[in-house]
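Encoded as structure tokens, the structure appears first; notes follow it.
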Amino acid sequence: MSKVEPRTLRGFRDYLPAKMIPRQRMIESIERTFQRFGFAPLMTPALEYLEILTGKYGDEGDQLLYRFKDNGGRDVGLRYDLTVPLARVVAQYPGEITLPFRRYQIAPVWRAENPARGRFREFMQCDADIVGSKDMAADAELVQLGCELLEGLGVERFKVRVNHRKILSGLMARLGITSREAESGILRTIDKLPKIGEAETMKLLRADNGLEEGSIAKVFEFLRIAGTSTEVLAGLEKIFEEGSIGRQGVTELREVFSILEAAELSSAVDIDLSIARGLSYYTGTIYETFLTDLAGYGSVMSGGRYDELVGVFRGESVPAVGISLGIDRLLEGLVELKLLKEARAVAPVLVTVFGADTAGYAARIARWIRAAGVGCELYPAYAKMKKQFTRANDMGQRWVVIAGSDEMAKGQAAVKDMQLGQQELVAIEQLGQYLADRVNAV
RNA sequence: GUGGAUGUAGCUCAGUUGGUUAGAGCGCUAGACUGUGGCUCUGGAGGUCGCGGGUUCGAGCCCCGUCAUCCACCCCA
């Protein structure tokens with residue numbers, strides 16, 4: 001056989017143990033948080049009929065779908081997110097799903113994007129959604145969940161930025177914009193404000209979006225509304241007439257924030273009127289979350305309300321809100337911030353093996369240690385002690401259990417704590433307990 | 001997808017106006033230390049100079065193509 005060049009596809013990555021161990025721990029933490037909030041697990045296939053996926057993400061999104069014909073000639077696509085499959089499931093099993101339905105799903109999604117820092121073609125999303133509630137209690141609950149997800153991962157410095165589609169629609173109504181194209185063009189320009197500044201934004205609004213001075217003034221009257229959430233809401237209320245669509249958005253956001261404040265969680269949450277979100281299915285609140293210390297890095301967690309999406313599959317519309325954490329982007333972000341300690345070994349204990357004469361004794365010791373619930377690796381070859389110690393050191397294993405012929409003769413093992421540099425002789429029947437006490441104390 | 005930059009050992013990089021056998025640090029490995037890791041010292045292994053073509057007596061260096069990576073735009077988890 002000719003040699004095949006080992007390589008991975010652009011935008012796709014291998015996760016070696018040093019990354020995979022912390023990643024798996026993150027996923028476990030996220031899953032625990034989801035369950036603590038009463039969300040139930042759901043799994044759906046990676047492949048969907050293409051028609052399920054198309055038309056849900058906007059023109060840009062459609063371009064980014066991985067699509068092909070399967071072996072039977074069917075048009076299929078790899079899922080682009082976990083929200084559309086959820087909407088499909090809710091519509092497909094009306095008899096088996098009790099509304100409001102709270103589910104979580106942790107699974108990879110695929111987007112044929114141009115890879116960049118923190119952006120991949122295959123990445124894991126962690127989604128939680130509440131389907132079947134139109135009330136802001138659900139929106140607030142998901143924001144709270146989002147904050148706790150990040151806190152549970154040890155991320156302290158982040159900000160959830162919240163906006164509302166109806167507020168943006170209200171602005172469009174004030175500008176007399178009716179076409180969806182013009183609207184998304186303007187939103188795209190507005191979205192750049194934090195990056196390019198006011199003067200440039202004005203230029204673009206004039207040049208790219210063809211807005212008149214009066215309209216530009218209205219956009220900035222809107223964008224300059226700043227301050228605490230209470231102040232922003234008050235400012236918006238002055239702009240939007242009672243009964244207008246914009247006013248509805250303000251009222252809903254006000255409700256979300258009053259719940260967050262009462263729950264004492266509003267400090268990590270801000271209103272940001274420039275957040276637009278590209279996915280076209282959002283209809284209400286929208287969220288994007290940024291790491292405070294990585295300005296310019298993409299959103300690590302986002303979501304929003306999509307009251308019309310389920311209706312696409314069901315006829316009657318069912319209101320829904322969701323939030324999605326991108327674990328791979330977050331992981332890379334934490335690596336950049338040096339907040340992630342890479343770990344190489346899963347088991348904290350290494351049992352030495354010197355030769356055929358003591359291998360059986362070492363295997364028996366390892367069995368006892370494992371029976372005590374302690375992760376334990378048996379050195380997989382006959383090697384010099386020095387070599388085995390070096391490995392334990394490199395792997396970050398704190399305890400080395402020496403099972404040589406001297407120990408075997410006495411029914412003992414020497415346990416060395418690599419961190420303290422101290423060593424003790426322990427009878428093997430006490431070894432499991434001895435190590436369990438120490439490992440659990442860490 | 002568009003524009004710009006980069007591609008030399010496992011990693012970070014050096015490599016003078018194209019000139020014989022391509023270097024350093026770190027890492028890896030063996031030993032100094034014949035039952036003990038981290039520190040130190042000594043030796044060793046490891047490179048189709050991303051890949052393909054061209055110019056040249058001669059290419060890591062110049063030209064073309066290609067692939068990959070990074071940055072910006074775009075968009076987002």
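Just the heavy atoms: all of them, side chains too, but no hydrogens, waters or symmetry mates, feed the values below. What you are looking at is a predicted structure, and each value in this text was computed from that prediction instead of being measured.
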Discussion item. Can you measure M418(A) atom CE to G37(B) atom P for me and round it to whole angstrom units?
Written reply: 8 Å

Can you tabulate the close N/O pairs, meaning under 3.5 Å, that link protein atoms to atoms of nucleotides 71-74 of chain B?
from   : atom 1 : to      : atom 2 : distance (Å)
C74(B) : OP1    : K192(A) : NZ     : 2.6

Discussion item. Does the plane of the ring in Y80(A) sit parallel, tilted or perpendicular to the ring in Y57(A)? Use 30° and 60° as the thresholds.
Written reply: tilted

Practice prompt. Provide the distance between the two C1' atoms, one in C67(B) and one in G53(B), to the nearest whole Å.
Written response: 14 Å

Worksheet item: Starting at the 5' end of RNA chain B, which residue's closest nucleotide do you reach first, P115(A) or L325(A)?
Response: P115(A)

Practice prompt. Name the nucleic acid region contacted by G421(A), choosing base, sugar-phosphate or nothing; use a 4.0 angstrom heavy-atom cut-off, strictly under.
Written response: base

Worksheet item: Looking at residues at least two apart in the chain, or sitting in another chain, which of them share a side chain to side chain donor-acceptor pair (under 3.5 Å) with E48(A)?
Response: R88(A)

Worksheet item: Is the closest basic N to carboxylate O distance between K134(A) and D307(A) below 4.0 Å?
Response: no

Fill in: Atom C1', compared across C64(B) and A24(B): separation rounded to whole Å
33 Å

Worksheet item: At under 4.0 Å between heavy atoms, what does G404(A) touch on the DNA or RNA strands: base, sugar-phosphate, or nothing?
Response: nothing

Discussion item. Please report the distance separating the P of U8(B) from the corresponding atom of G47(B), rounded so that it comes out in whole Å.
Written reply: 15 Å

Worksheet item: Under 4.0 angstrom, heavy atoms only, what part of the nucleic acid is M301(A) near: base, sugar-phosphate, or nothing?
Response: sugar-phosphate

Discussion item. Measure OH/Y57(A) against P/A77(B) and give the value in whole Å, please.
Written reply: 11 Å

Discussion item. For the backbone of G322(A) and the side chain of Y306(A), can you confirm whether one donor and one acceptor N or O come within less than 3.5 Å of each other?
Written reply: no

Practice prompt. Would you kindly give the CG-to-P distance between L16(A) and G10(B), to the nearest whole Å?
Written response: 16 Å

Discussion item. Strictly distance-based, threshold 3.5 Å: is any side-chain N or O of R391(A) a donor or acceptor partner for the main-chain N or O of K387(A)?
Written reply: no

Discussion item. With rounding to the closest Å, how many angstrom separate the P atoms on C39(B) and C74(B)?
Written reply: 47 Å

Worksheet item: What nucleic acid atoms does F354(A) come within less than 4.0 Å of, heavy atoms only: base, sugar-phosphate, or nothing?
Response: nothing

Worksheet item: Would you say A77(B) has OP1 or OP2 under 4.0 Å from some side-chain N or O of S302(A)?
Response: yes

Worksheet item: What integer distance in Å separates L149(A):CG from A77(B):P?
Response: 16 Å

Discussion item. Heavy atoms from C-beta onward define the side chain here; which of U36(B), A77(B), G37(B) lies closest to that of R111(A)?
Written reply: A77(B)

Worksheet item: Looking only at atom C1', what distance separates G38(B) and G27(B), rounded to whole Å?
Response: 15 Å

Discussion item. Among A77(B), G35(B), U36(B), which nucleotide has an atom closest to any side-chain atom of K416(A)?
Written reply: U36(B)

Worksheet entry | Interatomic distance where CG belongs to N393(A) and C1' belongs to C39(B) [whole Å] | 12 Å

Worksheet item: Is a donor on one side and an acceptor on the other found under 3.5 Å between the side chain of T289(A) and the backbone of S302(A)?
Response: no

Practice prompt. Could you work out the separation of U21(B) and C28(B) based on their P atoms and round it to a whole Å?
Written response: 32 Å

Worksheet item: What integer distance in Å separates Q419(A):CD from G38(B):C1'?
Response: 12 Å

Fill in: Validation row: E31(A), Q35(A) side chains within 4.5 angstrom (heavy atoms)
yes

Practice prompt. Tell me, please, whether F120(A) has R13(A) positioned over its six-membered ring: NZ or CZ under 6.0 Å from the ring centre and within 45 degrees of its axis?
Written response: yes

Worksheet item: Q63(A) near the nucleic acid: base, sugar-phosphate alone, or nothing, with a heavy-atom cut-off under 4.0 Å?
Response: nothing

Item to complete: Identify all stems in which RNA chain B takes part, counting only runs of at least 3 consecutive pairs (Watson-Crick or G-U wobble, each distance under 3.5 Å), and give each as one range with another, ordered by first number.
Response: B:1-7 with B:67-73, B:10-13 with B:23-26, B:28-32 with B:40-44, B:50-54 with B:62-66

Practice prompt. For Q105(A), check side chain to side chain donor-acceptor pair (under 3.5 Å) against everything at least two apart and list the hits.
Written response: T44(A), R103(A)

Discussion item. Taking G18(B) as the reference, what is the distance to A59(B) when you measure between their C1' atoms (whole Å, please)?
Written reply: 6 Å

Discussion item. Distance check needed: A77(B) P versus R161(A) CZ, whole Å only.
Written reply: 16 Å

Discussion item. Tell me every residue that passes salt bridge (Lys or Arg N to Asp or Glu O under 4.0 Å) with K19(A), counting only those two or more places apart in sequence or in another chain.
Written reply: E332(A)

Discussion item. So for atom CZ, which belongs to R367(A), do other residues, nucleotides or ligands contribute more than 12 heavy atoms lying within a distance under 6.0 Å?
Written reply: no

Worksheet item: I402(A) near the nucleic acid: base, sugar-phosphate alone, or nothing, with a heavy-atom cut-off under 4.0 Å?
Response: base

Check: protein-nucleotides 29-31 of chain B nitrogen or oxygen pairs below 3.5 Å:
from   : atom 1 : to      : atom 2 : distance (Å)
G31(B) : OP1    : K384(A) : NZ     : 2.7
G31(B) : OP2    : K384(A) : NZ     : 3.4

Worksheet entry | Rounded distance in Å between the C1' positions of U48(B) and U42(B) | 32 Å

Worksheet entry | Audit row: D81(A), R111(A), salt bridge (Lys or Arg N to Asp or Glu O under 4.0 Å) steps and yes/no | CA-CA 9 Å; D81(A) 68 2; R111(A) 298 181 185 179; 5.3 Å; no

Worksheet item: Is E252(A) salt-bridged to R305(A), cutoff N-O under 4.0 Å?
Response: no

Discussion item. From CG of D127(A) over to P of A77(B), roughly how many Å is that when rounded to an integer?
Written reply: 10 Å

Worksheet item: Distance under 6.0 Å and angle within 45° of the ring axis: does R102(A) meet both against Y104(A)?
Response: no

Practice prompt. Measure distances between side-chain N and O atoms of E407(A) and base N and O atoms of G35(B), and say whether any donor-acceptor pair falls under 3.5 Å.
Written response: yes

Practice prompt. Have a look at Q388(A) and say if it touches a base, only the backbone sugar-phosphate, or nothing, with a 4.0 Å heavy-atom cut-off.
Written response: nothing

